[in-house]
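Have a look at the structure below before the remarks.
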Number of protein chains: 2
Amino acid sequence: MAARASSKTSESSDKVSVICRALRRAIIEQALEPGAKLPEDALGERFGVSRTIARHALGQLAAEGLVELRRNRIAVVATPSWQEARDAFDIRIELERLVVRQLAGRLTRAQIAELNAHVDAEDRARGGTDAVSIRLATEFHILLAHMTNSPILVRYVSEVAYRCCLTLSLYSRPHSSECAINEHRAIISALAKGDEAKVMELMHHHLDSVANRALVAPTPQRGRDLLDILAPYADEVTSDRVVKLPKIARRG
Amino acid sequence: MAARASSKTSESSDKVSVICRALRRAIIEQALEPGAKLPEDALGERFGVSRTIARHALGQLAAEGLVELRRNRIAVVATPSWQEARDAFDIRIELERLVVRQLAGRLTRAQIAELNAHVDAEDRARGGTDAVSIRLATEFHILLAHMTNSPILVRYVSEVAYRCCLTLSLYSRPHSSECAINEHRAIISALAKGDEAKVMELMHHHLDSVANRALVAPTPQRGRDLLDILAPYADEVTSDRVVKLPKIARRG
DNA sequence: GGCGCTCCAATTGCATGCAGTTTGATGTCC
DNA sequence: GGACATCAAACTGCATGCAATTGGAGCGCC
């Protein structure tokens, strides 16, 4: 038998949740780039709801770290710094090691089939856009998390995976997902064999190399976050009135 | 020099954030017990804001797992199941191992002093109520997380620590925090020495024993979540119309 | 041309109002 | 007395309206 008894985790069908899901997907597929503006009225109009609801949705996404909310300012898609990206991956590695540790040797045949089917889908998507490949790769990890039947773990893995997904779109060079797919297959196989240590090592290595392929260097040019780049230089001044930067728009 | 450059993580001074902080504290200090009702009007009136704001705050707290939000129903303080509590602690162990791994040997004298001062405060609070002891113990861990200067890590550690705090109030027997304090001191000392492996082991053992002291057994009586207790018995029936339970109120 | 100022459209922060749902109290029937 | 229908109060889901803040276009000055 698989890990545990059933449990419901799926988001309810609030209008708020619907908008959250839509925006989340748009963000991780890079339809909305980091820094893109998200005005409340525009969202409300687009989704046929009032500003109140759009606002509430933005609040939720901000809690997940996908959106940046500054008082009295238009919300924007988050632009994680390089260091934040590295931190996210570090956390992700630990969380996902936990996932596969709990799963090793405990998967049903049906679950293994489901995982294989997902990787097949990733394979088929290789011809398509990078955005879809990245999304599918991310969803593989979330699918794994779901199989633990631990709602908390699902939530955290999903969140941090989405964040990583977002940073990939910022810092990554044209994505080569081929090796990632092979690594996914290796993980499934080790999970089926039940080799706990091996699968933890595989997952660790997999995520580490995804991170390293992407976050090769702080790449400040493409990183475009003027404020972060300037931060070390500003540290000398007393933290107020430091950055006037009147004409440099944060958004590219 | 300490871990990294500065970064701002503190919640803004929205009315929403104020209410969140207040409720969070009330919950972890058990002023609000698990299952306690949180009607929007009442909150709004109490904090001198409109229902809109109270509602938004509840949404945020629900995202953190401290509040349960069911459509068209009064929000209640979350009542984690025993299994969820165990899951939360598992995640917490991994996250906090990461924290001390990043911190080992990298703390400034000032930071070490700050940590020691906090534990002194825990010591002094030993005569007081359990609620305050638990809160201080939790805040020690959050203080550690802050010292990594990783906003993401701070957020996750805080969240999961609060959740654990909440479950302690549900399942724990009268708290004996003495050993926990000694363990805190040992962790500080190992951090100062910079013994990475040792401090990770200490933290792991510390959290594990906190969890074991608390979550001794599923203790269904005090667990009071009728629906969860009955769930396995209901699994035989086809998942709809299962629980009419007309007269058994979920709240104790 | 470049810099600063003023002012207005765009946008957020928040309260209020209305409609629909849930709760539980009362009354009715057996 | 106990189960069931009925109904009003309580509460949530959501839209709208108003005041306050922001950002940037236009304009004058150097």
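By convention in this document, chain letters (A, B, ...) are assigned in the order of the sequence lines, proteins followed by strands, and residues within each chain are numbered from 1. Since the model is a prediction, treat every value here as computed from it, not as a measurement.
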*Give the C-alpha distance, both sets of side-chain angles, the deciding distance and a yes or no for side chain to side chain donor-acceptor pair (under 3.5 Å) between E96(A) and H141(A).*
CA-CA 8 Å; E96(A) 297 220 33; H141(A) 291 261; 2.7 Å; yes
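Comparing dT12(C), dA15(C), dA15(D) by their closest approach to the side chain of P39(A) singles out dT12(C). The side chain of T52(A) lies closest to dT16(D), out of dC11(D), dT12(C), dT16(D). Comparing dT11(C), dG13(C), dT12(D) by their nearest atom to the side chain of N72(B) picks out dT12(D). Checking dC14(D), dT12(C), dC11(D) against the side-chain heavy atoms of D41(B) singles out dC11(D) as nearest. Considering only the side chain of R71(B), dG13(D) comes nearest among dG13(D), dT22(D), dC14(C). The K15(A) side chain lies nearest to dA15(D) when the options are dT12(C), dG13(C), dA15(D). Here dT12(C) is the nucleotide among dC11(D), dT22(C), dT12(C) with the atom lying nearest to any side-chain atom of E40(A). Side chain of I53(A), nearest nucleotide from dT12(C), dA15(D), dT12(D): dA15(D).
Comment: R155(B) engages E159(A) in a salt bridge, judged by a side-chain N to carboxylate O separation of less than 4.0 angstrom.
For the pair R163(B) (side chain) and E64(B) (backbone), a donor-acceptor distance under 3.5 Å is present. Between the side chain of H118(B) and the backbone N or O of L136(B) there is at least one donor-acceptor pair closer than 3.5 Å.
Of the two residues near DNA chain D, R73(A) and R55(B), the one whose nearest nucleotide lies more 5' is R55(B).
Contact of the I28(A) side chain with the L166(A) side chain is not registered, since no non-hydrogen atoms from C-beta on lie closer than 4.5 Å.
Across the protein-nucleic acid pair, K37(A) atom NZ and dT22(D) atom P stand 15 Å apart, rounded to whole Å. When the P atom of dC11(D) is taken as reference, atom CZ of R70(B) falls 14 Å away, rounded to whole Å. Taking atom CD1 on I19(B) and atom P on dG13(C), their separation rounds to 15 Å, with Å as the unit. Taking atom CG of residue D14(A) and atom P of nucleotide dT12(D), one finds them 13 Å apart after rounding to whole Å. Between the C1' atom of dG13(C) and the CG atom of L58(A) lies a distance of 14 Å, rounded to the nearest Å. Look at CZ on F47(A): it is 13 Å from P on dA15(D), rounded to the nearest Å.
Here R51(A) lies in heavy-atom contact (under 4.0 Å) with a base.
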